[in-house]
Amino acid sequence: MLSINGLSSSKGSPKDIAAYAEGEADAFNRPEDYYSEGGERAGKWFGAGAEALGLNKYKREDFEAVLAGRHPSTGEQLGRAGGNGGRRPGYDLTFSAPKSVSAIWATADAERRTEIEVAQQKAVEATLLYIQKNLLMGRRGKGGAEVENVEMVAATFQHGTSRAGDPDLHTHSIIANLARRSDGTFGAIEASDIFRHKMMLGAIYRAQLAEQLRELGYEIQADKDSFKVAHVPDELCKQWSSRRSQIEAALAERGIESAKSAEIAALSTRSSKQATDRAELPKRWSKEAAEHGFTAESVHNIAKAQPAQKEIDTTELLRKLTQQQSTFKRKDLLRALAVECQTAGGGLARVEMLADELLHGPEIVRLRDGRTGEIFFTTREMRKVESDMINSAASLAAENQFVLRNKNIEAALKKFEAQNGFSLSNEQQKAVQHICQSAGIALVQGGAGTGKSTMLRAARIAWQDAGFRVTGAALAGKAAQGLEESAGIKSQTLHSLLHELQAGEKALSNKDIVVIDEAGMIGSRQMSTLLKHAESAGAKVVLVGDARQLQAIDAGGAFKALQGTFGAAELHDIRRQKTLEDRAMVNALAAGQAAEALEALRKSGGLHAETDKAAAMKAMVLRWAAERDPLKPGESLMLAGTRAEVRQLNELARQEMRKSGFLWGIDFKVNEQKFACGDRILFTKNSKKLGVKNGTLATIQRIEQHEKGFYLQVKTDDGQLVRVDPAKYEHLQHGYAVSVHKSQGATVDKAYALVSEGMTDREWMYVASSRHRETLHVYADRDTASDLESLIERSRQKGTSLDFEPEQEQETELMEYEDEAEIEDERELEMS
């Protein structure tokens, strides 16, 4: 694990930072590093810049001078002087070994403990060397216009104890905000690239540490994106993670997950300083390890010669790399390779070698952003998928049998008005005309709440009256259900539709029109597969969605790319929000006009800043409880970004419900969650038997006990009565609050949104703020609220590999490669 924090002179002097780095008690309110023999763990200088300053053996006074921007020998001011918090002394990169490594280090004899410490140091220094060679930059000239690679001045400090007194081998690497330039002068560093490459650097460190441990004879096993040493008891590692558990519990209690919040939680859960004898800790650790059958002899026995490096399936690696993004950068490939090399062996040297081989190999296409000159990469497989998607759409656009006459459309609009008692707006009528008079493919870009489904109801009448069969699909079961209910189009999930088409269980023809709702959520691979099926059958595809809402989970902004090529009818007039002010606010969010949207939210009294996340949650739940209509439980909904936030909001809501008497009877447990009569619940898995979808909300009406358990009698928000046997269907959560992703497509009278630093962006805020008809209240802690404008301006909209042009020579190779139809067809079958 790697964490990166900027050190602020406003919060600590160079003397404070030095004390903190050396593990002294009370520095920044941190406890001492109890397992530092000799009282403190001395630092080690690192970097060409440190060598240029003549820094060899570590001395605290030298370190303090460097942090203050002075020459350690002469006292000359080399960088901008500090003062009133104006100068940042440096950056703390903390490299933490996996817990199993700390376990063998704490349990081993002195010789092996030293070997592991050396391995940790080598892994850290290898990562710092990578930073110095590739990422450490400095700025000079007017406005910092000139950027150059600079030489690092850093010091490393190895520590071995967590705040709770558990083994925790980690290294603080303090990179001074002072580096040597090419002309020999010194200046500040530009650290933005280090922050941007944090995940990659953490993976490189772990890969290098794993390789050092392999050389010592330890077997390395995968542990998600990290690794663990084989034969170290999991229960021991869990016991020695008590500090982390305390922080996680505090985070869960507050419903927060951001790095800033983790720091707050760490302070709030900090154990008070204890006068622990350092010599007692190794004895305690040995005793605790022995209770799990793990001793110094165990460490000795598990260390044995390890096999040669394992092969890495680079084809599978590249497939995973393009699973959620169509393009990637070199840092993304390095990170993916480093994760693989943790268990495959080879360390950083192999990571860089494989990266160079792949990036210059036949599987990769090098792309350039014509506007910025930035380099991206994609795979030939991904490039072909997205090229095929456009080609299939172009073929569909030539199919003219679907073009209806004006008189047919006018008749359908009159029929719609007679059936529903109202007519479509001019904008909606134009959209109906567009999709009914387009050829084999048509698109509608419609903002949240603009009446897309209502428009489709009229189009469906026109198509059916003309003799066409209309089928609907959406990525989520709840969205498919909504399409069927609101537009009258028989619908299913896109996954099930593609499965049936692939298996031959369903066939399309030139009399079929397939309507895809929430099309902005569809990735390039699924979109390409769908369009190929339609192209082969001569069917028509109608794509309806909003490219500005939450993005596809899978790779590719397919809907946006198709709009750019084939155009779309657009729906702008919001029909969901009742007030003009709210409609203007939603439109501003959609357009990325954060300042205007926030000003409108403030004027309406809908933006609330509380002291911290816990206070924001409590205030939001209290308002929700006071304003909800007990007779319309589905018309008030709380929204949040993370699962932890959703869980905490639901628990707070239950407490209010119980206190107010809206929950009655005893609690029954399903998956360790308590449910009672009156509870709001969320179904989290589709069930044909129950007639519910993932995302269906309901209220428990009655709980029936029987000999083997109990049944829940619930009423869904659309009025359906469902009897649930938790022994057979246990996919239930509380439904007072849901994630914003779960809410896309939903409409309620009153919405309450909790914004958080890590999740909030333009697309998230747009969806969260457009669910309501009547009122919206947005809650945040003060820090997040003060930074909300910049968070909303941040967009995570996905693109495709077709947004960039490949280099000319690679384009020729790509055309040749695309002729290998059998290979590509085989891959497409795998993808589908």
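Listed by chain and number, the residues in a salt bridge (Lys or Arg N to Asp or Glu O under 4.0 Å) with Arg196 are Asp193 (sequence neighbours excluded). Residues passing the side-chain hydrogen bond (donor to acceptor under 3.5 Å, both in side chains) test with Gln445, sequence neighbours excluded: Asp546, Gln563. A search for side-chain hydrogen bond (donor to acceptor under 3.5 Å, both in side chains) contacts involving Arg796 returns Asp761, not counting sequence neighbours. Judged as a side-chain contact (heavy atoms from CB on, under 4.5 Å), and not counting sequence neighbours, the contacts of Arg112 are Ala108, Asp109, Glu115, Tyr218, Val299, His300, Ala303. Under the rule for a side-chain contact (heavy atoms from CB on, under 4.5 Å), the partners of Ser756 that lie at least two apart in sequence or sit in another chain are Lys613, Glu645, Met759. Partners of Glu374 according to the side-chain hydrogen bond (donor to acceptor under 3.5 Å, both in side chains) rule, which considers only residues two or more places apart in sequence or in another chain, are Lys329. For Lys44, the side-chain hydrogen bond (donor to acceptor under 3.5 Å, both in side chains) test picks out no residue, with sequence neighbours left out. Remark: Gln212 pairs with Ala119, Lys122, Gln208, Glu215 by the side-chain contact (heavy atoms from CB on, under 4.5 Å) rule, at least two apart or across chains. For Ile375, the side-chain contact (heavy atoms from CB on, under 4.5 Å) partners at least two apart in sequence or on another chain are Arg366, Arg368, Phe377.
Residues Leu475 and Ile516 are not in side-chain contact: their nearest non-hydrogen atoms beyond the backbone lie 4.5 Å or more apart. Proximity of Thr156 to Leu128: side-chain heavy atoms (C-beta onward) are separated by under 4.5 Å at one or more points.
When atom types are taken as modelled, the side chain of Asn149 and the backbone of Met137 share no donor-acceptor pair closer than 3.5 angstrom. Counting only distance, with no hydrogens or angles, the side chain of Glu386 and the backbone of Asp388 share no donor-acceptor pair below 3.5 Å. When atom types are taken as modelled, the side chain of Gln549 and the backbone of Gly545 share no donor-acceptor pair closer than 3.5 angstrom. Between the side chain of Ser395 and the main chain of Asn391, no donor-acceptor pair closer than 3.5 Å is present. Counting only distance, with no hydrogens or angles, the side chain of Thr327 and the backbone of Ser801 share no donor-acceptor pair below 3.5 Å. For the pair Thr379 (side chain) and Met382 (backbone), a donor-acceptor distance under 3.5 Å is present. With Ser102 contributing its side chain and Leu169 its backbone, the two residues share a donor-acceptor pair below 3.5 Å. When atom types are taken as modelled, the side chain of Arg794 and the backbone of Thr760 share a donor-acceptor pair closer than 3.5 angstrom. Under a 3.5 Å cut-off, the side chain of Gln306 and the backbone N or O of Gly217 do form a donor-acceptor pair. Under a 3.5 Å cut-off, the side chain of Glu146 and the backbone N or O of Arg139 do not form any donor-acceptor pair.
Below 30°, between 30° and 60°, or above 60°: for His170 and His172 the angle between ring planes is above 60°, a perpendicular geometry. Using bins of under 30°, 30° to 60° and over 60° for the plane-to-plane angle, the ring pair Phe195/Tyr91 lands in the perpendicular bin.
One distance of note links CD1 of Ile312 with SG of Cys341; it measures 3.5 Å at 0.5 Å rounding. Separation of atoms CD (Gln325) and CZ (Phe376) is listed at 10.0 Å; rounding is to 0.5 Å.
Under the 4.0 Å criterion applied to side-chain N and carboxylate O atoms, Arg380 and Glu363 are not assigned as salt-bridge partners. Using a 4.0 Å cut-off between charged side-chain N and carboxylate O, Lys532 and Glu535 make no salt bridge. A salt bridge is absent between Lys228 and Glu219: the closest approach of a Lys/Arg side-chain nitrogen to an acidic carboxylate oxygen does not fall below 4.0 angstrom.
Applying the salt bridge (charged side-chain N to carboxylate O under 4.0 Å, His left out) rule to pairs touching residues 552-565 yields nothing, sequence neighbours excluded.
The two atoms that bring Ala476 and Thr493 nearest to each other are C-CG2, 4.3 Å, heavy atoms only. In terms of heavy-atom proximity, Ala222 sits nearest to Thr343 at N-CG2, 3.2 Å. Smallest separation of non-hydrogen atoms from Met389 and Leu531: O-CD1, 3.5 Å. When all heavy atoms of Ala50 and Phe46 are compared, the closest pair comes out as CB-O, 3.6 Å. Closest approach of Pro806 and Arg383 over heavy atoms only: CD-NH2, 3.0 Å. Considering every non-hydrogen atom in both Ala103 and Trp240, the closest pair reads CA-CZ3, 3.7 Å.
When the shell of 6.0 Å around CD of Glu311 is examined, it contains 12 or fewer heavy atoms from other residues, nucleotides or ligands.
Side-chain N/O atoms of Asp223 and Ser226 include no donor and acceptor closer than 3.5 Å. Neither side chain, Arg525 nor Ser326, offers a donor N or O lying under 3.5 Å from an acceptor on the other. Between the side chains of Ser795 and Gln797, not a single donor N or O lies within less than 3.5 Å of an accepting N or O. For the residue pair Gln121 and Thr171, no side-chain donor N or O sits within less than 3.5 Å of a side-chain acceptor on the partner. Using a 3.5 Å distance cut-off with no hydrogens or angles, the side chains of Glu518 and Gln744 do pair a donor with an acceptor.
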Step by step, work out the side chain to side chain donor-acceptor pair (under 3.5 Å) result for Asp92 and Thr94. CA-CA 6 Å; Asp92 176 17; Thr94 305; 3.2 Å; yes
Verdict with reasoning, Glu381 to Lys384, per salt bridge (charged side-chain N to carboxylate O under 4.0 Å, His left out): CA-CA 5 Å; Glu381 178 267 336; Lys384 185 175 188 303; over 6 Å; no
Residues Met527, Leu562; criterion side chain to side chain contact (heavy atoms under 4.5 Å, CB included); working and verdict: CA-CA 10 Å; Met527 187 71 80; Leu562 290 166; 3.9 Å; yes
With a 3.5 Å cut-off and sequence neighbours excluded, list the donor-acceptor pairs that the side chains of residues 199-207 form with protein atoms.
from	atom 1	to	atom 2	distance (Å)
Tyr205	OH	Ala97	N	3.2
Tyr205	OH	Gln120	OE1	2.7
Tyr205	OH	Gln120	NE2	3.4
Arg206	NE	Gln342	OE1	2.8
Arg206	NH1	Gly202	O	3.4
Arg206	NH2	Asp225	O	3.1

Could you give the side-chain donor-acceptor pairs of residues 352-360 under 3.5 Å, partners two or more places apart or in another chain?
from	atom 1	to	atom 2	distance (Å)
Asp356	OD1	Arg330	NH2	3.1
His360	ND1	Asp356	O	2.9

